[in-house]
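Written out below as structure tokens is the structure these notes cover.
Below, read A as the first sequence line, B as the second, and so on, with proteins coming before strands; counting in each chain starts at 1. Computed from a predicted structure; not experimentally measured.
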Amino acid sequence: MLKKVAPWLALLLILSLLAACSQGKGKSGASSDANGEVKLTFFNTSAEVNSVFEKLFETYHEQNPKVTIELIPTPIGGAQLEKFQSLLASNNPPTISNLDPGTILQYKDKFLDLDSEKSKYEGLTKAGAVENALLDGKFLGIPWTAQGYGLLYNKRAVEEAIGGTFDPASIKTRDDLEALFQKIQAAGKAPVMLHGADWSLGAHYLGLTYSLQSKDVDTNLKFVKGLEDGTQSLANNAAFNGLMDTFDVLKKYNARSKDPLTADYNKDSSDFAKGNAAFYFMGDWTWAVIGSLQGRDQDFGVIPVPISNNPADYGNTQIAYSEPKLLAIDNSGSSPAQQEAAKKFIEWLVTSDQGQKAIVSDMGLALPYKDVKVKSTNVISNAVNEYVDQEKTINIGVINYLPQDYWAKTGASMQKYLANVIDRQGLIDEVQAYWKSQAGK
Amino acid sequence: MTRKQWMRNTGIFLLFGGPSVIAFMAVVVIPFVVGLYLTFTNWDVNTGDSSLVGLANYKQVWLDTVFWQQLWFTLRYVFCTVVLANVAAFFIALALTGGRRGEQWLRTGFFTPNLIGGIVLGYLWQTLFSQVLPYLGEKYGWSLFATSWLTDTDKAFWALVIVTAWQLIGYLMIIYIAGFAGVPGDILEAANMDGASRMAIIRKIMLPLTVPAIVICIFVSLSRSFLTYDINLALTKGGPFNSTELATYHIVQKAFLSNEYGVGQAEAVVLFAVVAIVALTQSYLLKRLEVES
């Protein structure tokens with residue numbers, strides 16, 4: 001009996017296996033139906049705040065029962081782009097995507113042009129927030145978070161070392177900075193913490209070279225194109241040499257000078273927060289580590305990285321500021337009803353009390369909007385905001401147009417320079433060789 | 001053979017072999033063939049363009065000097081890992097087959113690293129190399145550990161080798177123990193009676209009779225260390241300054257960070273060819289050393 005049945009059983013098993021494999025194909029995760037119910041998907045690359053978003057989606061669903069939003073989470077620091085690419089490749093794009101501007105630019109044809117919303121958001125956001133979010137002149141992503149970076153300082157550590165109150169505005173030039181570092185070192189404290197990871201050195205530090213060429217993103221982009229075709233060089237570029245001269249100072253007074261590439265982010269951040277180093281080249285995002293630390297100091301601030309000895313030079317009184325993530329709406333497989341619902345949700349997210357509270361206090365991020373009722377506990381981002389309100393910021397928008405691997409490749413060269421494996425000329429050669437290899441891509 | 005019998009045989013084969021054949025097709029053969037096809041196209045998610053470009057990707061691979069450097073680095077890494085892991089596993093297995101008290105516990109202990117995922121293992125050793133050892137080095141003045149091993153190009157190489165070998169040793173040890181168990185007791189007894197020394201027994205009897213285990217162990221350690229990715233990612237992230245990028249790491253970066261899918265996939269095919277040639281050559285050569293007891 002069994003012998004007769006066996007082949008058919010086997011066939012059945014195989015078919016069921018095949019069926020299991022092909023499940024999910026053909027039906028899209030997000031859809032809308034006749035009675036006005038809309039289902040949206042939300043692709044999130046800010047993985048550390050997945051759970052906050054999930055709670056927000058529930059709240060929104062309670063207020064708008066017809067709209068259901070499903071989170072597509074990504075792991076922290078891994079395989080985020082791979083996942084997004086596979087969703088696009090399988091024609092199953094997420095309705096709303098929270099992405100780096102560079103990624104949105106790369107897939108710009110897949111996203112909805114939000115030109116009709118532009119003037120509304122210009123009214124809602126702080127000056128320049130929408131303009132900085134433009135990609136190729138188009139409004140494709142709505143800003144919802146902002147970050148700034150520079151030389152963070154630990155107020156107690158600096159003031160103990162200099163024996164008086166510290167006025168951040170007194171540091172206007174490289175020499176001012178070096179004189180301060182000397183004082184701090186003489187008091188027996190490490191003057192500055194330089195985090196040795198490629199993203200910090202390549203994207204944040206060396207990346208300033210491209211942003212400091214001018215205040216205009218297009219001019220800066222032309223400079224990068226000039227590096228690619230060899231018509232520009234770094235050797236006689238004022239911004240680059242100024243930055244690197246300051247880097248030499250930071251390197252000399254680096255708390256990690258003994259083993260500069262260890263780059264333990266948590267340890268570097270907490271050592272700074274506890275006053276083991278007076279300054280730290282980092283941004284307000286490091287509050288995620290510092291904020292919940294036991295036995296840390298209370299007062300922190302930020303000053304620009306001085307790049308010359310002329311206080312009036314661009315960059316000496318401005319700090320780097322950007323919108324690292326934008327919310328984009330899909331235009332390659334979503335229905336108009338879904339797109340409308342997505343627009344409404346994003347507006348709710350950045351203007352409603354619940355949305356603002358979630359972003360500012362639960363996620364600890366800065367919201368670049370005018371009318372924010374919630375006060376942030378992030379001391380560093382509040383310090384950054386003072387620069388933003390005075391419009392003393394460097395527009396680092398040019399990095400959105402750079403190739404996705406620039407920070408890893410040029411960051412490695414910066415690491416070599418930091419570890420004294422290559423000299424200034426060697427660094428120039430390697431960085432220029434990278435840009436030449438990008439020509440025509 | 002009658003038709004009915006043929007039907008029955010096919011049916012029985014499908015019943016037992018079918019599911020695994022399908023699983024093998026779905027996760028190995030089909031992706032491999034599609035992957036091979038991809039290397040002849042300029043496929044890109046963004047443009048959706050996938051026109052055939054012939055051997056252009058392979059030409060790019062040929063011109064990618066960094067890839068050949070990393071491949072050479074990988075070969076050195078594999079060689080050191082395989083030697084270290086196998087020698088250590090062989091002697092640990094030998095020490096743990098004497099029938100002493102508490103052997104099972106030691107075996108379990110040595111096997112445990114194999115049960116820890118590469119990422120966890122990588123972070124564990126990263127803390128050890130960059131925090132614990134420099135701390136001890138400073139305290140006791142050991143210059144070898146004064147700075148983190150992971151920030152020096154040569155020491156980072158050895159850090160990778162040591163961690164991979166540490167993970168592999170437990171697994172190889174089990175295979176060696178099984179191999180030793182297969183050595184007939186009467187031969188060992190006879191050798192003992194004839195007054196053979198411990199070394200002579202190992203060299204003249206144990207080694208030749210455990211060649212099948214050695215072949216398996218070298219094959220396993222070869223293929224596993226060639227395809228190491230997780231430990232590389234968690235331990236050194238390719239650093240300092242990309243000097244410890246294994247071939248697999250370079251391929252992933254090429255495809256997903258630099259967005260050159262075709263070239264990355266072509267490099268993966270080259271890596272496959274290298275692994276296949278090395279693994280097959282070694283098992284062919286070592287198999288000839290096998291003897292009957």
Handout entry: Heavy-atom proximity to chain B below 4.5 Å, by part of A:Asp198
Key =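 Answer is neither: A:Asp198 stays 4.5 Å or more from chain B.
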Contacting moiety of A:Ala263, where chain B heavy atoms sit under 4.5 Å
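Neither the backbone nor the side chain of A:Ala263 comes within 4.5 Å of chain B.
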| request: Using a cut-off of 6.0 Å, state whether more than 12 heavy atoms not belonging to A:Phe43 lie near its atom CZ. | output: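 Count over threshold, so yes.
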Answer yes or no: does atom CH2 of B:Trp62 have more than 12 heavy-atom neighbours from other residues, nucleotides or ligands under 6.0 Å?
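12 or below, so no.
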Q. Chain A heavy atoms under 4.5 Å from B:Gln126: which part of the residue, side chain, backbone, both or neither?
A.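 No part of it gets close to chain A.
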Using a 4.5 angstrom heavy-atom cutoff, name the option from A:Asp259, A:Asp264, A:Leu261, A:Asp405 with the most pairs to chain B.
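Heavy-atom pair counts peak at A:Asp259.
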Inset, instruction - Begin from the C-alpha positions of B:Ser225 and B:Thr164 and carry the test side chain to side chain donor-acceptor pair (under 3.5 Å) through to its verdict. - result: CA-CA 7 Å; B:Ser225 43; B:Thr164 319; over 6 Å; no
>> Under a 3.5 Å cutoff, is there a donor and acceptor pairing between the side chains of B:Asn232 and B:Lys237?
In response: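 No - no donor-acceptor pair under 3.5 Å links their side chains.
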